[in-house]
There are 2 protein chains.
Amino acid sequence: MASVTIKDVAERAGLSVATVSRALSGRGHVSDAARTQSEQAARDLGYVASYNAASLASGRSKNIGMVVPWVNRWFFSTVIETASTVLAAEGYDLTLYYLGGGKRERDLVLSDFLLRKRIDGMLAVALELDDAERADLLRVGTPIVCIGGVIPGVSTVSIDDFAAARLATEHLVALGHRRIAHIGWEGAGDFALATTRQGGYADAVRAAGIEIVPALIALGGFTTQDGYAAAKRLLADPRLRPTAISAASDELAIGAITAARDLGLDVPRDVSVVGIDGHDLGDVFGLTTVDQHVRKQATRAATLLLRQLGQEPDTREPVHAEVTVELLVRSSTMAPRPQRSVTG
Amino acid sequence: MASVTIKDVAERAGLSVATVSRALSGRGHVSDAARTQSEQAARDLGYVASYNAASLASGRSKNIGMVVPWVNRWFFSTVIETASTVLAAEGYDLTLYYLGGGKRERDLVLSDFLLRKRIDGMLAVALELDDAERADLLRVGTPIVCIGGVIPGVSTVSIDDFAAARLATEHLVALGHRRIAHIGWEGAGDFALATTRQGGYADAVRAAGIEIVPALIALGGFTTQDGYAAAKRLLADPRLRPTAISAASDELAIGAITAARDLGLDVPRDVSVVGIDGHDLGDVFGLTTVDQHVRKQATRAATLLLRQLGQEPDTREPVHAEVTVELLVRSSTMAPRPQRSVTG
DNA sequence: CTGTTAGCGCTTTCAA
DNA sequence: TTGAAAGCGCTAACAG
């Protein structure tokens, strides 16, 4: 337990503590001899530097904080895995701040945990802040990179949600669908409709000269279960019965496919379903989707954050990187069957 | 940036640094007056203690390390969310060590990251170690609690995997099934068959006087895709065609259900499927399963770890807590239809 | 290139 | 109950 310190290494190597520190950390110039001896001594003793001491002295903690509203959803767990891998390769730890609890937990994380100088930078995943929270965070001065959501004034990696949903919906329109439902969630912020997936759906529908039917828009949660419930409502009601569903995420879409099957409907013969994500399970469900290249987004975000850490605080500038999405056609979409009558 | 230190708080409160430290951390006795003043001054100044400095001085870091082989699988993400919530409530951060990369990343985590005195304790999720790795970890002396897997000599929260799989399979046997397939993965360790889900399956089958057909046992990966592929193989081959499938996890089971549907088979009329987990999606798929109460397991594990941190190092003793599983019957299982002929 | 010397911000004896 | 003082283990000027 009385762990071996840098002092022990220095003694064994016959060097000063400072030289060993330089040799092992790679900061400052050291002779090859000194480096070799230091490394040898460290290895002999099984020396592992204390992060805390190093952090305290240097102000750098080699730790990134990641704030997530969920872990148990594909987008988030994929971002976590990817970012973790990228960061670990550069010697960074990843401390996870899960906002899943209530308002109190959230406040605690935002006001306390993140300020304790434990992290060098922060990856904010789909984090929506009010003005006060945002101001608080910015004041701290730690570099932040957002992914899956935008915080004004902060570096961001994202896709064009509006365009992604429009693309998905346009695919349905191009196949000849006219009664297209949307399953999604409420957008946040003032310009929600202009920037969100719901907005993209509406835009594509309108552009096709189709009237928007509010009853065909089901806004709710994010989970597969929510998608299942929404689709069941939509598809079971003979007055609504869409020929296609444009879902705001693959999880919602998979729920919709399952609901359709449970109603005895064939996908895509009776109803087409398209999602957004590029979910790993898309293959199994034959899901046509708009791939948002999540791993690429996460890699970019982590890389960007790392780069900002390397820059002087005052040279850091908010960067916006947008990843291009891609339509991935599988077997959950096709042209609608000719309908006898359509009840509006 | 020039952040406010405990010294600033002490000055404003008109107290010594030592007293403020005691007041704010709750260690040692302080008068009510001193406590109130310290807290007030801290609030006024927006003081947040530096974890690093506190850690260095006290040896406690208020940080738990969690080692996971996956994030993007239900069991793991659920454990992460649950443990994170429990730990945060006690003021602990959670640093995630994802072992997803290759052998090199794994070694790095096990030999470096975990030894840097950044964590007070460790939650090891389904971590399988060889003897050398185990010895290394134990030598460090940080309290460890395992979940979803056992490390000899280390505190563990788990279920009885063997019994869970036997229960699932017995349920099929009781319904009258005789051709029961198993989809799972290779067990590790010497006593694999005696302690794993595959073993439990085999035991139930044998106990029913049914001969074990190796071709009905599909061992492979852990994902829904793997379950899908395995089931498709099993169900498409007329020489094999089981009337029921006992899957080692709900994800495999969901894959199996999807495969069955794609083959035009009705679940449960044509084939029954049972899983193990209590997956959130079980409802949507009507999946009969053996609920292993993951959130309860995770809560126990986190609580147990916290308790061990409170004990003197030499009073700590490995504890084994076993959570009871429960059969949850939904609509993916039923009695087999009378068969004309069975080709063996 | 290397050693000496101060701390980093906090906790914790030890006296008072 | 409180304060003074001595570190925790490391890094970062500053000389040499």
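Here is the naming used below: chain letters follow the sequence lines, and residue numbers restart at 1 for every chain.
- Residue pairs satisfying the salt bridge (charged side-chain N to carboxylate O under 4.0 Å, His left out) criterion with at least one member in residues 6-20 of chain A, sequence neighbours excluded, are listed as follows: R12(A)-D44(A).
- Annotation: salt bridge (Lys or Arg N to Asp or Glu O under 4.0 Å) contacts of R22(B) (sequence neighbours excluded): none.
- Remark: E322(A) engages no residue in a salt bridge (Lys or Arg N to Asp or Glu O under 4.0 Å) (not counting sequence neighbours).
- OP1 or OP2 of dT11(C) has at least one side-chain nitrogen or oxygen of S21(B) nearer than 4.0 Å.
- Residues forming a salt bridge (Lys or Arg N to Asp or Glu O under 4.0 Å) with R60(B) (at least two apart in sequence, or on another chain): none.
- The side chain of R60(A) places an N or O atom within less than 4.0 Å of a non-bridging phosphate oxygen (OP1 or OP2) of dA12(D).
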Which protein N or O atoms sit under 3.5 Å from an N or O of nucleotides 13-16 of chain C?
none

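- Between L45(A) atom CG and dG9(D) atom P there is a gap of 14 Å when expressed in whole angstrom units.
- Helix-axis bend for the helix from dC1(C)-dG16(D) to dA16(C)-dT1(D): the local axis fitted to the five terminal pairs at one end deviates from that at the other end by 30°, rounded to 10°.
- Salt bridge annotation for R295(A)-D280(A): present, with a cationic side-chain nitrogen under 4.0 angstrom from a carboxylate oxygen.
- An OP1 or OP2 oxygen of dC10(D) is reached within less than 4.0 angstrom by a side-chain nitrogen or oxygen of Y47(A).
- At least one side-chain heavy atom of R134(B) sits under 4.5 Å from a side-chain heavy atom of L138(B).
- One N or O on the side chain of R316(A) and one on the backbone of Q308(A) form a donor-acceptor pair closer than 3.5 Å.
- Contact of the V71(B) side chain with the V71(A) side chain is registered, since non-hydrogen atoms from C-beta on lie closer than 4.5 Å.
- The side chain of A53(A) lies closest to dG9(D) when the candidates are dG9(D), dT12(C), dT1(D).
- Taking the side chain of V30(A) as heavy atoms from C-beta on, and the options dT2(C), dT11(D), dG3(D), the nearest nucleotide is dT2(C).
- Atom CZ in R27(A) sits roughly 10 Å away from atom P in dA13(D) (whole-Å rounding).
- Summarising the geometry, the separation between CD on E11(B) and P on dG9(C) is reported as 14 Å, rounded to the nearest angstrom.
- For the pair I6(B) CD1 and dG3(D) P, the computed distance is 12 Å after rounding to whole Å.
- Between the side chain of Q297(A) and the main chain of Q292(A), a donor-acceptor pair closer than 3.5 Å is present.
- Annotation: of the two residues near DNA chain D, L56(B) and S16(B), the 5′-most nearest-nucleotide partner is S16(B).
- One atom, CD of Q37(B), and another, C1' of dT2(D), lie 12 Å apart when rounded to the nearest Å.
- In this structure, D130(A) places its CG atom where more than 12 heavy-atom neighbours from other residues, nucleotides or ligands lie under 6.0 Å away.
- Rounded to an integer number of Å, the gap from K117(B) NZ to dT11(C) P is 19 Å.
- Regarding R35(A), its CZ atom lies at a distance of 9 Å from the P atom of dC1(C), rounded to whole Å.
- T19(A) has a side-chain polar atom (N or O) that falls below the 4.0 Å cut-off from OP1 or OP2 of dG3(C).
- Put simply, CZ on R116(A) is 18 Å from C1' on dC8(C), counting in whole angstrom units.
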